[in-house]
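Computed from a predicted model, the values in this text were never measured in an experiment. Here, residue 1 is the first one in the sequence, and each next residue gets the next number.
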Amino acid sequence: MDKNKLRYAILKEISEGNTPLTEQDFEVSENEFDEAVRFLTREKYAEGIYYADDRPVLNKIGPIATEKGERYLSENSTLSKAYKGLKEIKSWIK
């Protein structure tokens with residue numbers, strides 16, 4: 001998955017309260033997932049993310065999208081359309 005789409009997808013799920021999340025939820029590697037979450041934290045799009053064994057952990061309680069993160073989501077409608085399409089395809093496959 002493209003880095004920007006993955007970042008958007010993770011942040012969107014956090015924003016909607018759809019946690020806990022792992023790399024399996026997005027069908028990406030641990031490294032891809034970890035780097036995307038670190039980016040969201042570093043750039044202050046998300047907070048409340050804990051780390052265990054040097055890996056981000058997105059528990060049910062804790063992660064939230066910041067105001068900056070919510071702005072990012074609303075300003076990236078192109079990514080939103082792509083993500084919605086991916087979720088629909090994924091639901092058809094299951």
- Query: When Pro56 is tested against each of Leu21, Thr22, Leu40, Val37 for side chain to side chain contact (heavy atoms under 4.5 Å, CB included), which residue passes?
  - Reply: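 For Pro56, the side chain to side chain contact (heavy atoms under 4.5 Å, CB included) test succeeds with only one of Leu21, Thr22, Leu40, Val37, which is Val37.
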
- Task: Without swapping roles, check the side chain of Thr19 against the backbone of Leu58 for a donor-acceptor pair under 3.5 Å.
- Result: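 Flag not set: sc Thr19 to bb Leu58 has no pair under 3.5 Å.
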
- Item | Side chain Asn59, main chain Gly62, donor-acceptor under 3.5 Å |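 Answer holds: no.
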
What residues form a salt bridge (Lys or Arg N to Asp or Glu O under 4.0 Å) with [X], not counting sequence neighbours?
X: Glu30; value: Arg55
X: Glu75; value: none
X: Glu35; value: Arg38

- Task: Decide if atom NZ of Lys68 counts as having more than 12 heavy atoms of other residues, nucleotides or ligands within a radius under 6.0 Å.
- Result: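 Check passes, neighbour count above 12.
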
- Does a sphere of radius 6.0 Å around OH in Tyr51 hold more than 12 heavy atoms from other residues, nucleotides or ligands, not counting ones at 6.0 Å or beyond?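 Above 12, so yes.
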
- Task: Would you kindly confirm whether Phe33 and Phe39 end up in one hydrophobic cluster when ILVMFWY residues are joined by side chain heavy atoms under 4.5 Å apart?
- Result: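 Shared cluster, yes.
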
Please give me the minimum heavy-atom distance between [X] and [Y], naming the atom from each residue.
X: Ala65; Y: Glu70; result: CB-OE2, 3.4 Å
X: Lys44; Y: Thr66; result: O-OG1, 2.6 Å
X: Tyr72; Y: Leu11; result: CD2-CD2, 3.6 Å

- Atom CD in Glu23, atom CG in Asn31: separation rounded to 0.5 Å?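 One gets 10.5 Å once the value is rounded to the nearest 0.5 Å.
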
- Kindly compute the distance separating CG (Leu73) from CD (Glu16), expressed to the nearest 0.5 Å.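 It is 8.5 Å, given to the nearest 0.5 Å.
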
- Message: Evaluate Glu32 against Leu6 for side chain to side chain contact (heavy atoms under 4.5 Å, CB included), listing each step before the verdict.
- Response: CA-CA 8 Å; Glu32 289 173 303; Leu6 179 58; 4.2 Å; yes

- Item | Trace of the side chain to side chain contact (heavy atoms under 4.5 Å, CB included) decision for Arg7 with Tyr45 | CA-CA 10 Å; Arg7 291 170 182 167; Tyr45 290 127; over 6 Å; no

